Amino acid sequence: MYTVPKLDDYSPAALDAAVRELLVALDSESKAVSNESDWKNLRDRWMARKSGILTQINDLWLKAAPAPAKREVGQRVNQLKSRVEQIIDAAQGRLKAARPLESQRLDITLPGIRRPIGAEHPVIKALNEIVSVFKAMGYSVSEGPEIETDYYNFEALNFPPNHPARDTQDTLFIAGQQSKPLRDRLLLRTHTSPVQIRTMEKLAPPIRVVIPGKVHRNDAPDASHSPMFHQVEGLAVDTNITFCDLKGTLDHAMKALFGSSVRTRFQPSFFPFTEPSAEVAISCIFCGGKGCRTCKQGGWIELLGCGMVDPNVFEFVRNNGYDPAKVSGFAFGMGADRIALLKYGVDDIQLFFQGDVRFLAQFA
Ligand code: DAH
């Protein structure tokens, strides 16, 4: 095997002889290469930065040369470098050319790249189902901002400043707004009801609209509470809309969502923006109303709030055709997450928001 000799004769003839000897050696080493690992050894032996033969030549020939010979030696060392690279490249080329099939080997039995198909999130699925039940009754769909002003979220819904009904809807306010009038301050909306006002500002009666969306409240998370959740709001305004229309609409919607054997129960309640207001419960879908753990033995599951639009609310949009002496309407709001929990038999609302694929994949 070739080893780099020390030079003591720096005449051009002696240098040429040393170069020739080196190239002859490299030539025969490169011809002996018969596979990829031989070739790598060859490459490292000659070209490794730290102690390859080219590096040794740099040290033993060029650095050691006396000043007057440096030019001659330098030229040859430079030429050698590119020559050596060429020869080693050529050796690799020969290897590949000799095995065209090997270098293009393709294992068609390897598994392909799997691209898993996403699934609709269960809450979105529930939102869509609820919305489509109302679409089938001729409702249109609308949306509104999640960052809302105090005016739309509270004031125009007949929650006056400091009214105790605001307490149940504590939320996050956007910071640094103390200099603004209360009604202009921004907050994360606590319900989808503000979109009732936004819709009535845009569209004159008659209207029938459902509004799905995300809402926020200062609620500690547990199995049935989340500080962020989803609602579907509904609003119908026309002449001569009565509580009967409200009852019939919601009774039908609950049957469409939970099955035709489900019954509904309306109980008096309070919301500032409806009068009268009611809380709607459905007969327990797990025990049929006999009483079980889910309905806490009561046979009923409370599901949504509703009522007849309060005339005070119409006053805020009177100019757009909502004269409370001429029109009437009903509104309702339901929690989509709660409906998803019931429909899909999930026992902890937190599962919806943890993003665990093992959970979500079950809805694919
Ligand atoms: N916005 C109410 C809440 O989040 C729910 C609600 C009750 C909406 C009655 C309505 C309604 O439209 O009429 O608690």
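Order of appearance sets the numbers: ligands from 1, and atoms from 1 within every ligand. Worth knowing before you read on, the calculation uses all heavy atoms, side chains too, and leaves out hydrogens, waters and symmetry mates. Small disclaimer: the values here were computed from a predicted structure and weren't measured.
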What residue and atom, counting heavy atoms only, is the protein's closest point to [atom], and at what distance?
{"atom": "atom 11 (C) of ligand 1", "answer": "Phe273 CE1, 3.4 Å"}
{"atom": "atom 4 (O) of ligand 1", "answer": "Arg217 NH2, 2.7 Å"}
{"atom": "atom 8 (C) of ligand 1", "answer": "Gly333 N, 3.4 Å"}

Which atoms of ligand 1 sit under 4.0 Å from any heavy atom of [X]?
{"X": "Gln196", "result": "12 (O)"}
{"X": "Thr274", "result": "13 (O)"}
{"X": "Gly307", "result": "13 (O)"}
{"X": "Ser193", "result": "1 (N), 8 (C)"}

message: Taking Phe229's backbone N and O only, do any of them form a donor-acceptor pair with Ser226's side chain (distance below 3.5 Å, no angle check)?
response: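 The answer is no, because no donor-acceptor pair under 3.5 Å joins these two groups.
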Backbone of Leu186 reached by a side-chain donor or acceptor of Gln177 within 3.5 Å: yes
field: His216 NE2 to Leu172 CG distance, which is reported to the nearest 0.5 Å
entry: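 It is 8.5 Å, given to the nearest 0.5 Å.
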query: Out of curiosity, is Phe330 lining ligand 1, as in a heavy atom under 4.0 Å away?
result: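 In this structure, Phe330 fails to qualify as a contact of ligand 1 - no heavy atom is under 4.0 Å.
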field: 4.0 Å heavy-atom contact, Gln231 with ligand 1
entry: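 Per 4.0 Å heavy-atom rule, Gln231 contacts ligand 1.
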message: Out of the candidates Arg185, Arg198, Arg189, only one should pair with Glu148 under the salt bridge (Lys or Arg N to Asp or Glu O under 4.0 Å) rule; please name it.
response: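 The salt bridge (Lys or Arg N to Asp or Glu O under 4.0 Å) with Glu148 is passed solely by Arg198 among Arg185, Arg198, Arg189.
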- prompt: Using a heavy-atom cut-off of under 4.0 Å, does the side chain or the backbone of Cys306 touch ligand 1, or both, or neither?
  reply: backbone
- request: Under 4.0 Å, heavy atoms only, figure out whether ligand 1 is touched by the backbone of Glu275, its side chain, both or neither.
  value: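 Contact part for Glu275 vs ligand 1: neither.
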- request: Can you label the angle between the Phe353 ring and the His121 ring as parallel, tilted or perpendicular, going by 30° and 60°?
  value: parallel
message: In terms of relative ring orientation, are Phe266 and Phe243 parallel, tilted or perpendicular, with 30° and 60° separating the classes?
response: perpendicular
Please report whether ligand 1 has a polar contact with [X], defined as an N or O pair separated by less than 3.5 Å (distance criterion only).
{"X": "Gly305", "value": "no"}
{"X": "Phe332", "value": "yes"}
{"X": "Glu233", "value": "yes"}

query: Quick one: are the ring centres of Phe332 and Phe134 less than 6.0 Å apart?
result: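 Phe332 vs Phe134: aromatic centres under 6.0 Å.
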message: Which heavy atom of His230 sits nearest to which heavy atom of Asp337, and what is that distance?
response: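 Looks like N-OD1, 2.6 Å.
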message: A quick test of your reading: do over 12 heavy atoms of other residues, nucleotides or ligands sit less than 6.0 Å from CG of Asn162?
response: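 No, CG of Asn162 has 12 or fewer neighbouring heavy atoms, counting only those of other groups under 6.0 Å.
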